[in-house]
Every structure is written in C-alpha cells, then in structure tokens.
Amino acid sequence: MKQRLTHACLKYIKQTFEKESHEAQSGAPVSAPQIGLLLVVCHLVCSSDLSKFDRATIHMVATVSVEGLSSDLFQGRNALSEEWSRARMLVICAVLKLICAAPATVNGFVLTMVSGLLRSYAVSDPDSEVGCKVIILQALEQVAHLEGAKTTVAAVKPAVLAILA
C-alpha cells in the first residue's frame with residue numbers, strides 16, 4: 001500500500017513540478033511552491049526511504065522542500081496559526097532528512113536553507129515550539145557540515161549569531 005501511495009504522490013509531484021518549471025522557463029513570474037504540493041513532498045520525504053529514489057526525483061523533492069522553507073508561506077500572520085506551525089515543522093523535518101540522507105542534493109541550497117531556517121527560528125514561539133527550535137538548530141548544524149558550505153556559513157555567521165542570541 002505504501003509503495004502505491006508513494007508512486008501516486010510522485011506522479012502528482014512530477015507533473016506539478018514540470019508544469020511550474022515550464023512556466024518559469026517561459027518567462028512567467030516564479031512563485032513559491034503551493035502549500036499542497038509542498039506538504040505532499042514533505043510527507044513523502046519524511047515517510048520514505050530516500051535511497052530507493054533516483055537522483056532526479058531526490059533533486060526535485062529537495063528543490064521543492066528548500067524553496068518552500070525559504071518562501072513567505074510561513075511568515076507574517078500565517079506563522080501564528082497552529083496549523084501553519086505544524087506545516088512549518090513538517091517542512092523543516094523534511095529538509096533535515098534531506099540534509100542527512102542526501103547531502104549532495106542540497107549542496108547548492110546552503111544560503112537558501114540557512115536563511116529559511118533562520119526565518120523559521122525567528123517566528124517560532126519560544127514557549128510552545130521548543131521542539132521546532134531544536135530541529136532548526138540540528139538542521140543548521142548539519143548544514144555547516146555540508147561539503148563546500150564553509151564559505152557561505154562564514155558569510156552568514158554574524159546573522160546567525162544575532163538571531164540565536
């Protein structure tokens with residue numbers, strides 16, 4: 001059952017991703033991933049064995065996850081809602097799994113991930129979202145260990161220290 005569901009989700013994700021990529025190549029304005037697509041991708045990443053996916057599929061889900069994390073979906077009044085808080089937590093968990101399980105696919109997204117993680121850390125409620133903050137810190141620590149991330153991490157170190165202080 002899980003394989004069938006994964007196959008159906010991947011088919012939907014690929015169709016939607018290709019449509020959005022085609023629109024971006026044709027000169028249409030590029031927007032953040034839709035929340036539905038983002039949550040389907042993140043559920044798929046968190047519940048699946050990524051070693052069974054081909055390289056192109058992992059790159060696609062990594063792109064959608066990281067772009068969703070760094071988008072404005074979880075900022076402003078959306079950040080205060082409990083439902084949006086759970087969705088943000090799911091996206092952060094998916095990004096953390098991608099960083100740990102498929103680091104080569106997220107190497108090019110270091111700055112995007114750091115900025116998205118820092119923004120999520122800043123809007124997380126320190127009283128009710130302690131778990132979210134811990135996972136964000138784990139993800140930031142794993143990003144620092146990515147291959148070729150030292151220069152980017154060194155460049156954003158003052159911002160990281162200012163937000164975490």
Side-chain angles (χ1 to χ4, degrees), residues 1-75 84 86-121 131-132 134-157 159-160:
M1 179 70 170
K2 186 175 173 183
Q3 285 180 323
R4 289 182 187 170
L5 184 60
T6 300
H7 178 72
C9 288
L10 280 175
K11 185 176 177 183
Y12 166 74
I13 292 166
K14 285 181 181 180
Q15 289 173 348
T16 308
F17 184 76
E18 288 173 0
K19 184 181 93 174
E20 289 179 1
S21 296
H22 179 68
E23 289 174 1
Q25 290 174 351
S26 68
V30 179
S31 63
Q34 301 170 353
I35 189 69
L37 174 65
L38 178 62
L39 295 181
V40 168
V41 166
C42 292
H43 275 289
L44 186 71
V45 168
C46 290
S47 66
S48 300
D49 180 8
L50 296 179
S51 67
K52 306 293 184 203
F53 294 168
D54 63 1
R55 178 178 261 169
T57 302
I58 292 178
H59 185 314
M60 178 183 57
V61 297
T63 301
V64 172
S65 299
V66 172
E67 286 179 357
L69 174 68
S70 64
S71 71
D72 290 335
L73 287 173
F74 302 113
Q75 306 304 315
W84 284 93
R86 282 193 227 132
R88 183 176 61 244
M89 179 75 144
L90 177 65
V91 174
I92 293 165
C93 289
V95 169
L96 178 60
K97 183 173 181 180
L98 286 165
I99 294 168
C100 295
T105 60
V106 293
N107 266 344
F109 299 115
V110 172
L111 185 59
T112 307
M113 286 187 296
V114 170
S115 65
L117 290 167
L118 289 177
R119 286 171 37 170
S120 294
Y121 188 89
C132 185
V134 170
I135 291 174
I136 291 169
L137 292 173
Q138 288 176 335
L140 283 169
E141 193 251 337
Q142 290 300 317
V143 166
H145 295 293
L146 288 174
E147 190 175 316
K150 283 197 185 248
T151 56
T152 305
V153 171
V156 296
K157 183 178 177 180
V160 172

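Any value given below was found using the heavy atoms of this structure, including those in side chains, with hydrogens, waters and symmetry copies removed.
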Between Val153 and Leu140, does the side-chain contact (heavy atoms from CB on, under 4.5 Å) criterion hold? Intermediate values first, please. CA-CA 10 Å; Val153 171; Leu140 283 169; over 6 Å; no
Holding to side-chain hydrogen bond (donor to acceptor under 3.5 Å, both in side chains), I want the full list of residues that pass it with Gln138, two or more places apart in sequence or in another chain. none
Residue pairs meeting salt bridge (Lys or Arg N to Asp or Glu O under 4.0 Å), one or both in residues 100-120, sequence neighbours left out, come to Asp72-Arg119
List for me each residue that meets side-chain hydrogen bond (donor to acceptor under 3.5 Å, both in side chains) alongside Thr151, sequence neighbours excluded, and say none if there are none. none
Is there a side-chain contact between Tyr12 and Leu44 (heavy atoms, below 4.5 Å)? no
Quick one: side chains of residues 91-117, donor-acceptor pairs under 3.5 Å with protein atoms, not counting sequence neighbours, listed by atom name and distance.
from   : atom 1 : to     : atom 2 : distance (Å)
Lys97  : NZ     : Val45  : O      : 2.9
Lys97  : NZ     : Ser48  : O      : 2.5
Thr105 : OG1    : Ala102 : O      : 2.7
Ser115 : OG     : Leu111 : O      : 3.2
Ser115 : OG     : Thr112 : O      : 3.0

Might you point out which heavy atoms bring Leu38 and Ser65 nearest each other, and give the distance in Å? CD1-CA, 4.0 Å
Extract all donor-acceptor atom pairs below 3.5 Å that involve side chains of residues 54-62 and protein atoms in other chains or at least two apart in sequence.
from  : atom 1 : to    : atom 2 : distance (Å)
Asp54 : OD1    : Thr57 : N      : 2.9
Asp54 : OD1    : Thr57 : OG1    : 2.4
His59 : ND1    : Thr63 : OG1    : 3.0

Shortest non-hydrogen pair, Phe17 vs Val64, comes out as CD1-CG2, 3.6 Å
